[in-house]
Every structure is written in C-alpha cells, then in structure tokens.
Amino acid sequence: MKISEIAQLLNAKIICGDDMLDEEVHSACGSDMMSDVLAYVKDQAVLLTGLMNTQVVRTAEMMDMRCIVFVRGKMPGEDIIKLAGMCGLALLSTEERMYTACGKLYLAGLRGDVV
Amino acid sequence: MPDNEQKNRQDASLHLTYNVNGDNFTSAGEASVDVKKALRQLGFSPAFIRRVAIAMYEGEINMVIHAEGGTAEVYVYSDHVEIVLADHGPGIADVELAMQEGYSTAPDNIRALGFGAGMGLPNMKRYTDEMKIDTEIGVGTTITMVVNTDSDKK
C-alpha cells in the first residue's frame, strides 16, 4: 500500500514527507507503548499512535519505518516535524481514533505481523 | 573486566564513545542514531544494524529514566559489535525480576511518554547474542551486550 493511499483512507493531513507518498509499505503497527513496538514489530512500515513526543520518531527510526500516523487529530510540534524530516519519515495526522484507523487500513489489505 | 577482553577491544575497527545526558529525555537515543549511521556506512546488513540500534536505544532510555545518564562505548569488529553501557545510578536490586517482561520501577511520567512498560531489559536481551549485567546498589550498573552478524536472532 502506498503512503498516499493511507492518507486517503484515513482522510489524513500530510504533515511532512510529500516526496514519500509513492513509497510502498507492507505492514503496520498501532501502539502507544514504544517498547512494545520495539519488541514485537517485524518488517513494519507504518506506526499508528496516539503518543506525541520525539521518542515516537526515534522509535520509528530504529525500526526502519517509513511513516507515522498520529490518531485522534493530534498535530506534532516543530521539534517532532524537524526530527522526522532528518530521519526521512513521513508524518500523517488523522481525526480517526486508533481502533478505527487500524481497522480501515487492515480492511484495505494492510496487515500486521503474523504472531 | 578481564585482561583478555581489554586486549581484544584494541582490535576493534571502530570505537565510539558517548555521554548520555540524563537530564534530557528528548535527546535520548541520539547515540543510537549515530551508531546506526556509522554501521550503515560500514556496510552491515539492515537487520543487524536494527538489532544493535534497538538494544542500545533501550539501554540509553534506561540510563535516562533510572540513572541520570551515563556513558556508552561501542566497539565494532568485522563479525560483531560490543556495547558497554555504564551508569552511576541506584543499581538494580533484583536483576532476575528486572529481566521479567512487564516489571518496571519507572515513574508514571515516563509511562506517559511511552516507556516504562517493563520491556527495556527484555528487549535488550531479545536482540543481543550476549548480555551481562554488573550492578551494585548505590554504585551503578554496567551492561555489556554483544550482537553477532551471523546470529539467527531477528
């Protein structure tokens, strides 16, 4: 699934990473606990989260992710946007809640990791 | 540290040293990012680099949460990376308990930031091939981790 499709499905604002919209992602993970993301997610590409701080970007960077979707309409501050730019991460913001945002992407074919 | 380990460390092709600032949660992880870049330039595989970076990142976060920072030493060899994280924090009272997933002594303000779920040390063990914890109450903790390039861990 392309990042542009994720933005479309979630009616999300593209905060940064306009040049990455054609990039393909293969799986997704939704969590507010960064250590859970670091523990369980393999071959991931998109992180959906309600958490908002710079460590979200760092966690995504450690996992070689391509895109972060902030749920519930949260908008990141300049520090987060700047860090994401340096890491080459696209940032999206959707009004959807976590459960619904994950469900919409899953239904559209973007799956999580098989346990 | 035994003498032979010290001697071996002289053979490292790259030695990186970092001060991990304990006052600033925002900057936690900067050393791991730098190591990641260095390993990428040396041509290691993305999966190997990810394991090193995650283990070190969790260690950095731990030092910031529990020990007001510390130092990180990274020794790069052709077939493995050794990470030594040393702090002068409170020490770990019960290492076995601390290694259990879900056990944490982190305060609520850290949990609100997405950490402190009791996964830090287990994650460090999960991604490394060797992990040694030397700790003394009131003195500090030194964690030594080795990640091998030919490991079957993922």
Side-chain angles (χ1 to χ4, degrees), chain A residues 23-27 29-72 74 76-89 91 98 112-115, chain B residues 20-21 24-37 39-40 44-62 64-65 98-104 106 109-128 147 153-154:
Chain A
E23 288 203 18
E24 287 281 344
V25 296
H26 304 289
S27 66
C29 163
S31 181
D32 288 352
M33 293 307 300
M34 293 302 106
S35 282
D36 280 350
V37 178
L38 291 164
Y40 296 117
V41 182
K42 301 273 194 302
D43 188 32
Q44 69 291 48
V46 183
L47 171 63
L48 294 98
T49 187
L51 193 67
M52 183 65 71
N53 63 55
T54 49
Q55 296 306 334
V56 175
V57 178
R58 288 232 193 279
T59 297
E61 185 186 14
M62 293 301 158
M63 303 302 282
D64 299 322
M65 288 179 165
R66 309 302 296 146
C67 178
I68 300 171
V69 179
F70 295 108
V71 297
R72 300 195 302 277
K74 293 186 178 182
E78 279 304 318
D79 53 338
I80 293 176
I81 296 171
K82 192 176 158 197
L83 190 62
M86 283 163 54
C87 302
L89 275 158
L91 297 183
M98 175 76 99
D113 291 306
V114 177
V115 176
Chain B
V20 177
N21 182 353
N24 191 347
F25 184 77
T26 304
S27 67
E30 281 177 0
S32 305
V33 171
D34 195 69
V35 168
K36 204 170 179 201
K37 279 183 194 149
L39 295 178
R40 205 179 283 150
F44 287 102
S45 77
F48 172 76
I49 295 170
R50 196 156 57 228
R51 289 171 51 223
V52 172
I54 294 168
M56 183 164 165
Y57 178 52
E58 289 279 22
E60 265 194 87
I61 295 277
N62 273 351
V64 173
I65 294 174
M99 287 302 299
Q100 284 181 15
E101 290 191 1
Y103 177 82
S104 176
N109 65 322
I110 293 298
R111 290 171 204 255
L113 292 166
F115 289 89
M119 295 300 290
L121 287 172
N123 270 354
M124 289 157 74
K125 184 154 183 76
R126 187 190 315 272
Y127 289 110
T128 58
V147 183
K153 290 199 173 189
K154 286 178 185 169

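Every chain is numbered from 1 and lettered A, B, ... according to where its sequence line falls, protein lines coming before strand lines.
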Practice problem: Go through the atoms of Ser35(A) and report whether side chain, backbone, both or neither lie under 4.5 Å from a heavy atom of chain B. | Solution: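 When you check distances to chain B, atoms from both the backbone and side chain of Ser35(A) fall under 4.5 Å.
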Exercise. Any chance you could measure Arg58(A), atom CZ, to Glu60(B), atom CD, to the nearest 0.5 Å?
Key: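 Between Arg58(A) CZ and Glu60(B) CD, I get 8.0 Å after rounding to 0.5 Å.
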Quiz item: So how far is it from Lys36(B) NZ to Glu61(A) CD, rounded to the nearest 0.5 Å?
Solution: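 Here the rounded value is 5.5 Å.
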Relative to chain A, which segment of [X] carries a heavy atom at a distance below 4.5 Å: side chain, backbone, both, or neither?
X	answer
Tyr57(B)	side chain
Glu30(B)	both
Ile49(B)	neither
Ala112(B)	backbone

Quiz item: Does NZ belonging to Lys74(A) count more than 12 external heavy atoms closer than 6.0 Å?
Solution: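 Yes, NZ of Lys74(A) has more than 12 neighbouring heavy atoms, counting only those of other groups under 6.0 Å.
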Self-check item: Most contacts with chain B, counted as non-hydrogen pairs under 4.5 angstrom, among Thr49(A), Asp79(A), Thr59(A), Leu83(A)
Solution: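 Option with the top pair count is Thr59(A).
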Practice problem: Count the heavy-atom pairs under 4.5 Å between each of Asn53(A), Asp32(A), Asp36(A) and chain B, then report the option with the highest count. | Solution: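 With the most close heavy-atom pairs to chain B, the winner is Asn53(A).
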Quiz item: What's the verdict on side chain to side chain contact (heavy atoms under 4.5 Å, CB included) for Ile61(B) and Met34(A), showing C-alpha distance, side-chain angles and the deciding distance?
Solution: CA-CA 11 Å; Ile61(B) 295 277; Met34(A) 293 302 106; over 6 Å; no
Quiz prompt | Min side-chain heavy-atom separation Leu113(B)-Gln55(A) under 4.5 Å | solution =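 Heavy-atom side-chain distance check fails, nothing below 4.5 Å.
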Quiz item: With a 4.5 Å heavy-atom cut-off, do Leu38(A) and Arg126(B) have their side chains touching?
Solution: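 Not touching, per the 4.5 Å side-chain cut-off.
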Practice problem: Applying side chain to side chain contact (heavy atoms under 4.5 Å, CB included), run through Phe115(B) and Leu51(A) and close with a yes or a no. | Solution: CA-CA 11 Å; Phe115(B) 289 89; Leu51(A) 193 67; 6.0 Å; no
Self-check item: side chain to side chain contact (heavy atoms under 4.5 Å, CB included) partners of Glu78(A), counting only residues at least two apart
Solution: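 Here the qualifying residues are Ile81(A).
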Practice problem: List for me each residue that meets side chain to side chain contact (heavy atoms under 4.5 Å, CB included) alongside Ser104(B), sequence neighbours excluded, and say none if there are none. | Solution: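 Counting only residues at least two positions away or on another chain, Ser104(B) forms a side chain to side chain contact (heavy atoms under 4.5 Å, CB included) with Ala106(B), Arg111(B).
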Quiz item: Quick one: of Ala28(B), Ser32(B), Gly120(B), who has the most non-hydrogen atom pairs under 4.5 Å with chain A?
Solution: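 Between Ala28(B), Ser32(B), Gly120(B), the count favours Ala28(B).
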Quiz item: For the candidates Ala117(B), Gly114(B), Gly116(B), which exhibits the highest count of non-hydrogen atom pairs separated by less than 4.5 Å from chain A?
Solution: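 Option with the greatest count: Gly114(B).
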Self-check item: Non-hydrogen atoms of Met62(A) and Gly29(B) that approach each other most closely
Solution: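 Scanning both residues completely, I find the closest heavy atoms to be CE-O, 3.9 Å.
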